Amino acid sequence: MPEGHTLHRLAGALREQFAGARVAVSSPQGRFVESAALLDGTPLVGAEAWGKHLFVEFEGEHFIHVHLGLIGKFDVFQTPAPAPVGQVRLRIAGESGYADLRGATACDLFTESQRQMVVDRLGPDPLRADAVPETAWRRVSRSHRPIGELVMDQEVLAGVGNVYRAELLFRHRIDPLRPGRTLRRGQWEAMWRDLVELMEYGVRTGRIDTVRDEHTPEAMHRPPRKDDHGGEVYVYRRHGQPCLVCGGKVRTEVLAARNLFWCPRCQPRFRSRSRAA
DNA sequence: TCAAGATGATCAG
DNA sequence: TGATCCTCTTGAT
């Protein structure tokens, strides 16, 4: 379930388990062998996320850059570590824990300048204290592209994926096909604040809950459902089902190569003033 | 038991 | 735009 909150949560888990310790680094699958050998036995300095990118830092300004893609997983466990099963691309092992990476789109050894090049391409990440939301607004407010495409563009906003896209636009009753440049500044600022809150909740709980009354202590302690995103949502993957607010049917369509979900009644088609007049 | 689809991104054509 | 990477869950058979 790799949206931005997953990576920030993972970075925290890696720091907690390994930061400051010498770790064993290996690549049982064989696709990261040379880099793993270089890092093996080196102190792990820390880990941080930027959008959907994860950087694990080792002494000597070496970074492992990980992007989980659609199906990747990076899990932290307590020792003893069993023999690797299946395609484990990367294993980091310490005294009391180990972490296995599988199925990632990217797992590379980076220098500081390579890390910076990746970060420079990304838009502001709502989960980072150093994010500058104005940068995203400049891009949105100048673009003719649909807002449903812009919020998923990592050069506009880093860390937002398909679930947060659908839910954010629903919560603000915005037509996903509405051109970015027609949004009002106040609308965008409200969306940004909402994203920060929703994603911080995601980091704390590991779930994506966007239905307003889900943000309660009771909801926080309820065990996650088996569904992937783990929480309660308004429209994501609810196509054909009644909208929780108006009862109309939730619809789905492909936008930006991904399945978009929205409620046509709560998010009516946007018409520009010039066209309506 | 098997096939399809999925919260992503890149590359070739 | 489609193929590719690669894993896991779900639903059909």
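Quick caveat, the model's predicted, so the values are computed rather than measured. Note: hydrogens, waters and symmetry copies are ignored here, and every other heavy atom, side chains too, is used.
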In whole angstroms, the gap separating P of dT10(B) from CE of M117(A) amounts to 12 Å
Expressed in angstrom and rounded to an integer, what is the separation of L70(A) atom CG from dC8(C) atom P? 13 Å
Note: E232(A)-R238(A) ion pair, threshold 4.0 Å (strictly below): no
What is the distance from CG of L68(A) to C1' of dA6(B), rounded to the nearest Å? 14 Å
Can you find a side chain N or O atom of N162(A) that sits less than 4.0 Å from OP1 or OP2 on dA6(B)? no
Want to know the stems of DNA chain C: at least 3 consecutive Watson-Crick or G-U pairs with distances under 3.5 Å, which are they? B:1-6 with C:7-12, B:8-12 with C:1-5
Please work out which of the three classes, parallel, tilted or perpendicular, describes the rings of F110(A) and H65(A), given edges at 30° and 60°. parallel
Figure out the NZ/C1' separation between K52(A) and dA6(B), and round it to whole Å. 13 Å
Can E253(A) and R251(A) be counted as an ion pair, charged N to O under 4.0 angstrom? yes
Nearest whole Å is fine: how far is dA6(B) C1' from Y236(A) OH? 6 Å
Salt bridge check: are D75(A) and K73(A) linked by an N-O gap of less than 4.0 Å? no
For dC8(C), does either OP1 or OP2 sit under 4.0 Å from a side-chain N or O belonging to K73(A)? no
Taking atom P of dT9(C) as reference, at what distance in whole Å does atom CZ of R102(A) sit? 11 Å
Just the rounded figure in Å: distance from P of dC5(C) to CG of D108(A). 16 Å
When the P atoms of dT13(C) and dG5(B) are compared, how many Å lie between them, rounded to an integer? 13 Å
Less than 6.0 angstrom from the centroid, inside 45 degrees of the normal: does R89(A) satisfy that with respect to the ring of F32(A)? no
Please list all pairs passing the side-chain hydrogen bond (donor to acceptor under 3.5 Å, both in side chains) test where one or both residues lie in residues 116-126 of chain A, with sequence neighbours left out. H8(A)-D125(A), Q116(A)-D120(A)
Measure CZ/R89(A) against P/dC5(C) and give the value in whole Å, please. 12 Å
